[in-house]
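The block underneath contains the structure these notes are about, expressed in structure tokens.
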Amino acid sequence: MREDGSSTRDRILQACWQLLKQGCGGQTRMTDVAKAAGVSRQAVYLHFANRAELLIAVTHYVDARSDIDARLAASRSASSGLERLDAFIEAWGNYIPVVHPVCRALLDMAPGDEAARLAWDDRMTALRDGCEAAVNALASDSVLSGQHTAIAATDLLWTLLSVRNWEQLVEVCGWAQADYVAEMKRLARLAIVTPS
């Protein structure tokens with residue numbers, strides 16, 4: 001234990017997170033993380049069996065450090081389906097830049113790494129669950145578009161809010177983050193909400 005109270009595990013997670021934020025992504029090796037954390041490579045392997053396990057742990061570490069529950073509180077406590085939809089899109093849309101380095105690393109690893117693919121699938125299942133909750137709130141308020149089943153509407157919202165779409169619009173096309181969130185709200189309403 002260091003004098004600042006941080007555990008070796010936390011130091012490793014913080015070091016990995018910093019490397020990913022610096023854009024190292026899929027190239028970050030366990031050796032790099034050990035060096036950045038000031039620990040031996042063996043110490044890293046004592047806490048994480050492999051790189052994918054480390055990346056999964058980093059996603060949970062980032063969630064905890066970024067207080068994901070507080071970010072989602074407005075969505076979860078919304079009084080209407082429309083309010084829940086907007087709050088969920090805002091929470092997730094503004095969370096993507098925070099978790100993007102880990103997302104990018106998992107996406108880079110996934111084609112040749114089963115553990116990374118499973119980690120990515122787990123994260124995207126959680127996103128889909130949030131989309132489903134928003135769609136169900138719309139359905140409860142009878143404002144879900146009659147053009148889609150709840151499952152199809154969830155599929156559409158989940159796809160609209162994908163990390164790859166954020167990358168395309170914000171990183172490639174140069175959209176401002178606020179413009180991205182506003183447009184996702186507008187498009188989601190057009191796609192799955194009954195016109196008023």
Side-chain angles (χ1 to χ4, degrees), residues 52 55-56 58-60 62-111 113-196:
L55 288 171
I56 293 166
V58 168
T59 65
H60 295 289
V62 173
D63 284 349
R65 292 286 305 265
S66 302
D67 201 358
I68 190 64
D69 288 331
R71 288 175 181 267
L72 290 169
S75 174
R76 291 173 175 162
S77 65
S79 60
S80 72
L82 289 173
E83 186 182 317
R84 181 160 196 165
L85 176 66
D86 284 348
F88 180 73
I89 292 170
E90 188 159 333
W92 170 248
N94 286 319
Y95 193 52
I96 294 173
V98 176
V99 294
H100 185 254
V102 175
C103 292
R104 186 72 261 155
L106 289 174
L107 281 168
D108 290 346
M109 292 171 62
D113 187 325
E114 179 69 8
R117 187 187 64 74
L118 291 173
W120 177 251
D121 289 349
D122 177 69
R123 299 302 288 184
M124 292 303 98
T125 297
L127 171 60
R128 193 177 195 291
D129 290 346
C131 292
E132 183 177 39
V135 166
N136 288 341
L138 294 171
S140 291
D141 287 354
S142 300
V143 294
L144 181 65
S145 171
Q147 297 178 341
H148 306 292
T149 64
I151 292 172
T154 299
D155 292 343
L156 280 171
L157 183 58
W158 186 45
T159 301
L160 183 66
L161 299 179
S162 76
V163 171
R164 288 184 178 104
N165 285 345
W166 177 87
E167 287 176 336
Q168 185 68 28
L169 292 171
V170 175
E171 293 191 331
V172 176
C173 298
W175 284 29
Q177 181 65 28
D179 293 342
Y180 162 80
V181 170
E183 189 63 9
M184 292 306 102
K185 288 180 183 179
R186 189 186 74 80
L187 289 173
R189 285 184 177 225
L190 283 174
I192 63 174
V193 174
T194 302
S196 52

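Every value quoted in this text rests on a predicted model; they were computed, and no experiment measured them.
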Report task. Determine, step by step, whether Asp63 and Tyr95 satisfy the side chain to side chain donor-acceptor pair (under 3.5 Å) criterion, reporting the C-alpha distance in whole Å, the side-chain angles of both residues, the deciding distance to 0.1 Å, and the verdict. Result -> CA-CA 9 Å; Asp63 284 349; Tyr95 193 52; 2.3 Å; yes
Report task. Give the intermediate values and the outcome of side chain to side chain contact (heavy atoms under 4.5 Å, CB included) for residues Leu157 and Leu85. Result -> CA-CA 10 Å; Leu157 183 58; Leu85 176 66; 3.7 Å; yes
Query raised in the report: Where does the angle between the aromatic ring planes of His100 and Trp166 fall among parallel (under 30°), tilted (30 to 60°) and perpendicular (over 60°)?
Result: tilted
Report task. For Leu190, look at atom CG and say whether over 12 heavy atoms of other residues, nucleotides or ligands are found less than 6.0 Å away. Result -> yes
Query raised in the report: Under 3.5 Å, is there a donor-acceptor pair between the side chain of Asp86 and the main chain of Lys185?
Result: no
Query raised in the report: What do the steps show when you test Leu161 against Ile89 for side chain to side chain contact (heavy atoms under 4.5 Å, CB included), and what is the final call?
Result: CA-CA 8 Å; Leu161 299 179; Ile89 292 170; 4.1 Å; yes
Query raised in the report: Any sub-3.5 Å donor-acceptor pair from Ser145's side-chain atoms to Ile192's backbone N or O?
Result: no
Query raised in the report: Please walk me through it: do Leu106 and Asp108 pass side chain to side chain contact (heavy atoms under 4.5 Å, CB included)?
Result: CA-CA 5 Å; Leu106 289 174; Asp108 290 346; over 6 Å; no
Query raised in the report: Nearest 0.5 Å, what's the CG-CH2 distance between Leu55 and Trp120?
Result: 12.0 Å
Query raised in the report: Is any side-chain heavy atom of Thr59 less than 4.5 Å from a side-chain heavy atom of Val99?
Result: no
Query raised in the report: Which pair of non-hydrogen atoms, one from Phe88 and one from Ser75, has the smallest distance, and what is that distance?
Result: CB-OG, 3.5 Å
Report summary line: In this structure, OG of Ser77 is separated from CZ of Arg84 (nearest 0.5 Å) by 9.0 Å
Query raised in the report: Does Arg164 come within less than 4.0 Å of Glu167, counting only side-chain N to carboxylate O?
Result: no
Query raised in the report: Rounded to the nearest 0.5 Å, what separation is found between the OG atom of Ser162 and the CE atom of Met184?
Result: 9.0 Å
Can you give me every donor-acceptor pair (side chain of residues 168-176, partner residue at least two apart or in another chain, under 3.5 Å) with its distance?
none

Query raised in the report: Who pairs with Arg71 by salt bridge (Lys or Arg N to Asp or Glu O under 4.0 Å), at least two apart in sequence or on another chain?
Result: none
Requested in this report: Could you give me the CA-CA distance, side-chain angles and deciding distance for Val163 and Trp92, then say whether side chain to side chain contact (heavy atoms under 4.5 Å, CB included) is met?
Outcome: CA-CA 10 Å; Val163 171; Trp92 170 248; 3.9 Å; yes
Query raised in the report: Which heavy-atom pair separates Leu160 from Ala188 by the least distance, and what is that distance?
Result: CD2-N, 3.7 Å
Query - Closest approach of Ala78 to Glu83 (non-hydrogen atoms, all atoms of both residues) - result: CA-OE2, 3.3 Å
Query - CG on Leu138 to OG1 on Thr194, rounded to 0.5 Å - result: 8.5 Å
Requested in this report: Supply the atom-to-atom distance Leu127 CG to Ile96 CD1, rounded to the nearest 0.5 angstrom.
Outcome: 7.5 Å
Query - salt bridge (Lys or Arg N to Asp or Glu O under 4.0 Å) contacts in which one or both residues fall within residues 126-136, not counting sequence neighbours - result: Arg128-Asp155
Report summary line: Between the CD atom in Gln147 and the CG atom in Leu156, the distance rounded to the nearest 0.5 Å is 10.0 Å
